[in-house]
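Data first, discussion second: the structure below is written as structure tokens.
Position 1 is the first residue of the sequence; numbering continues from there.
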Amino acid sequence: MAMTVLAAVGVTTAYAPPAHAAVIADIAYAPAQPAGSRGHLLDLHLPTTGITPRPLIIWHSGSAWTSEDGKVGADAIAAIFNPLGFAVAGVSVRPSSQAIFPAQVHDIKAAIRWLRANAATYQLDPNRFAIMGDSSGGWLTEMATFSGGVAAMEGTVGTTGVSSAVQVGLAFYSPTDFLQMNAQNLPTGGLDHNSPASPESLLVGCPIQTCPATVAQANPMTYVDANDPPLLFLHGQADFLVPHGQSVLLYNRIKAQCGDATFVSVPAADHMMPQIMAPAQYGLQTVRTTTDCGETVSTGTLNPTWPNFTTFLRSGLKMGNSCEVTYSTGTWSGAFNGSVTIKNTGATPVDDWTLTWTWPGNQQVTSAWNAGVTQAGTQVTARDAGHNSYIGPGSSQSFGFSATATGSNGIPAQFKLNNIVCTRVPA
């Protein structure tokens with residue numbers, strides 16, 4: 001049965017690291033337990049270009065809790081997100097054969113703490129951690145997203161005394177309430193989740209129907225409240241291994257608690273990413289969104305694509321998705337003052353911003369106000385000054401600088417806000 005589950009999850013084929021990324025493999029975020037095991041290792045995929053500190057995506061591959069190599073597949077995620085300026089950490093946790101629940105949650109939180117404690121070393125942004133996974137990795141994503149601050153879920157593995165919080169989650173076809181899985185199986189059948197040998201029973205260390213209190217602790221819904229980070233989760237309506245109704249239960253719980261979530265229900269999709277993201281399904285999925293006790297339901301408005309997932313992650317990390325820049329100068333012989341206004345044209349806030357551009361000539365910044373501005377060659381990086389770090393939807397922040405220049409003093413061709421290209425509007 002475990003091999004069937006692994007095959008259906010669709011573990012991604014290995015990718016060669018992209019030219020603009022570096023990989024640091026097999027970092028021990030905690031001592032091996034048991035000795036010689038791999039459940040406390042992570043791989044870091046770091047962009048070699050782009051702004052720093054970098055937002056981080058933590059990835060864990062599903063395996064029905066049977067594998068100690070959950071970091072596999074992070075190379076494919078990194079191939080997508082490293083070029084966009086994101087670091088990616090593939091994290092392994094102990095399988096159920098080595099340790100029963102809540103060990104897996106303790107492990108992922110230990111990895112998050114280690115990454116945050118070592119953020120400066122690897123130029124990670126400790127305030128911008130996202131988590132993502134599929135199947136049992138999606139379950140782990142939801143547990144980490146919802147159980148922030150729950151002492152029983154923290155454990156004492158590895159680094160302690162550092163926050164294990166994440167700022168946004170993205171989960172694919174995750175189990176939630178194990179006790180209802182058999183009743184939610186497809187009419188054509190499914191796994192016997194009540195069996196003592198089922199993945200869920202092996203995870204919690206008892207046949208699930210005999211230990212409901214333990215199963216409740218392993219249910220992400222137990223920890224849902226209105227203060228949780230936003231979660232995007234997707235599930236196929238033809239899922240043979242993890243019933244689609246598991247995500248329906250989760251969405252209803254989040255909605256009842258006035259949480260922030262988007263649930264994408266994909267018709268005809270089974271328990272694998274290629275079917276969830278198949279272009280043939282575009283425009284057919286049901287999308288339910290709940291925010292601040294309100295709900296919207298639509299059909300086909302959020303296609304399951306990596307660009308759309310990126311937009312969601314950037315929103316949850318408060319990086320912005322759409323911006324305008326107004327740039328103007330006042331010149332005199334050999335020098336000039338520049339004025340820059342950044343407008344957030346997206347629907348979500350930007351908190352902590354970095355604006356970058358490249359000079360087309362020999363301009364050299366000499367001083368700045370309302371931003372920290374540095375220059376390396378022709379590359380310029382402007383960071384907020386603290387008091388102006390927040391840009392709400394439709395709002396703007398401005399800063400200025402002085403510089404020297406000879407020649408034409410042309411306008412930069414492109415401005416990027418937190419690594420996304422802004423539209424330049426005339427002054």
Side-chain angles (χ1 to χ4, degrees), residues 17-18 20-31 40-60 71 74-75 77-78 81-93 106-132 144-145 148-149 154-169 229 313-314 316-320 350-356 368 371-377 379-390 416-420:
H20 47 259
V23 182
I24 307 171
D26 290 337
I27 299 171
Y29 65 83
H40 285 160
L41 298 179
L42 63 82
D43 294 345
L44 261 179
H45 302 254
L46 301 173
T48 55
T49 59
I51 62 171
T52 56
R54 310 173 179 99
L56 174 69
I57 296 173
I58 298 163
W59 168 264
H60 179 77
K71 60 189 179 73
D75 48 2
I77 302 301
F81 285 99
N82 279 164
L84 304 178
F86 289 80
V88 173
V91 176
S92 295
V93 303
H106 290 173
D107 288 353
I108 195 66
K109 285 177 172 280
I112 295 167
R113 292 193 300 263
W114 186 92
L115 288 160
R116 185 162 277 121
N118 290 276
T121 300
Y122 298 102
Q123 295 185 302
L124 308 176
D125 188 337
N127 299 313
R128 287 190 167 122
F129 278 20
I131 188 166
M132 184 191 312
T145 301
E154 286 294 325
T156 57
V157 175
T159 300
T160 57
V162 182
S163 171
S164 65
V166 295
Q167 283 67 57
V168 64
L313 294 174
R314 288 182 63 93
L317 296 173
K318 297 182 179 178
M319 297 179 67
V350 175
D351 200 357
D352 298 331
W353 52 263
T354 300
L355 190 75
T356 57
V373 180
T374 57
Q375 183 170 342
Q379 307 294 312
V380 180
T381 301
R383 301 183 188 274
D384 68 75
H387 68 273
N388 59 354
S389 63
Y390 184 87
K416 287 186 176 182
L417 176 68
N418 290 343
N419 222 42
I420 190 170

Indicate yes or no: at least one non-hydrogen side-chain atom of [X] is less than 4.5 angstrom from one of [Y].
X: F86; Y: L317; answer: yes
X: T356; Y: V380; answer: no
X: N127; Y: Q167; answer: no
X: S163; Y: R116; answer: yes
X: T354; Y: K416; answer: no
X: K318; Y: W353; answer: no
X: W59; Y: I131; answer: no
X: V373; Y: T381; answer: no

Donor-acceptor check, side chain of [X] to backbone of [Y], threshold 3.5 angstrom: yes or no?
X: H60; Y: V91; value: yes
X: Y29; Y: T159; value: no
X: Q375; Y: G377; value: yes
X: H45; Y: V23; value: no

For a side-chain contact (heavy atoms from CB on, under 4.5 Å) check, start with the C-alpha distance between Y390 and D352, then their side-chain angles and the critical distance, and finish with the verdict. CA-CA 6 Å; Y390 184 87; D352 298 331; over 6 Å; no

Quick one: list whatever passes side chain to side chain donor-acceptor pair (under 3.5 Å) with E154, sequence neighbours left out.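 E154 satisfies side chain to side chain donor-acceptor pair (under 3.5 Å) with K109, R113, S164 only.
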
How would you list, by chain and number, every residue that makes a side chain to side chain donor-acceptor pair (under 3.5 Å) with D43, sequence neighbours excluded? K71

Does anything in residues 48-60 pair up under salt bridge (charged side-chain N to carboxylate O under 4.0 Å, His left out), and if so which pairs, sequence neighbours excluded? none

Among residues two or more places apart or on two chains, list those pairs meeting salt bridge (charged side-chain N to carboxylate O under 4.0 Å, His left out) that have a residue in residues 117-130. D125-R128

Ring pair (Phe, Tyr, Trp, His ring centres under 6.0 Å) with F129: which residues, sequence neighbours excluded?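 So F129 forms no ring pair (Phe, Tyr, Trp, His ring centres under 6.0 Å) with any residue.
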
According to salt bridge (charged side-chain N to carboxylate O under 4.0 Å, His left out), who are the partners of R314, at least two apart in sequence or on a separate chain? none

Begin with the C-alpha distance, continue with both residues' side-chain angles, and end with the deciding distance and a verdict on side-chain contact (heavy atoms from CB on, under 4.5 Å) for L44 and L115. CA-CA 10 Å; L44 261 179; L115 288 160; 4.1 Å; yes

Going through the checks in order, is the side-chain contact (heavy atoms from CB on, under 4.5 Å) test met by S389 and D351? CA-CA 6 Å; S389 63; D351 200 357; 3.5 Å; yes

Parallel under 30°, tilted from 30 to 60°, perpendicular over 60°: which one fits the rings of W114 and Y122? tilted

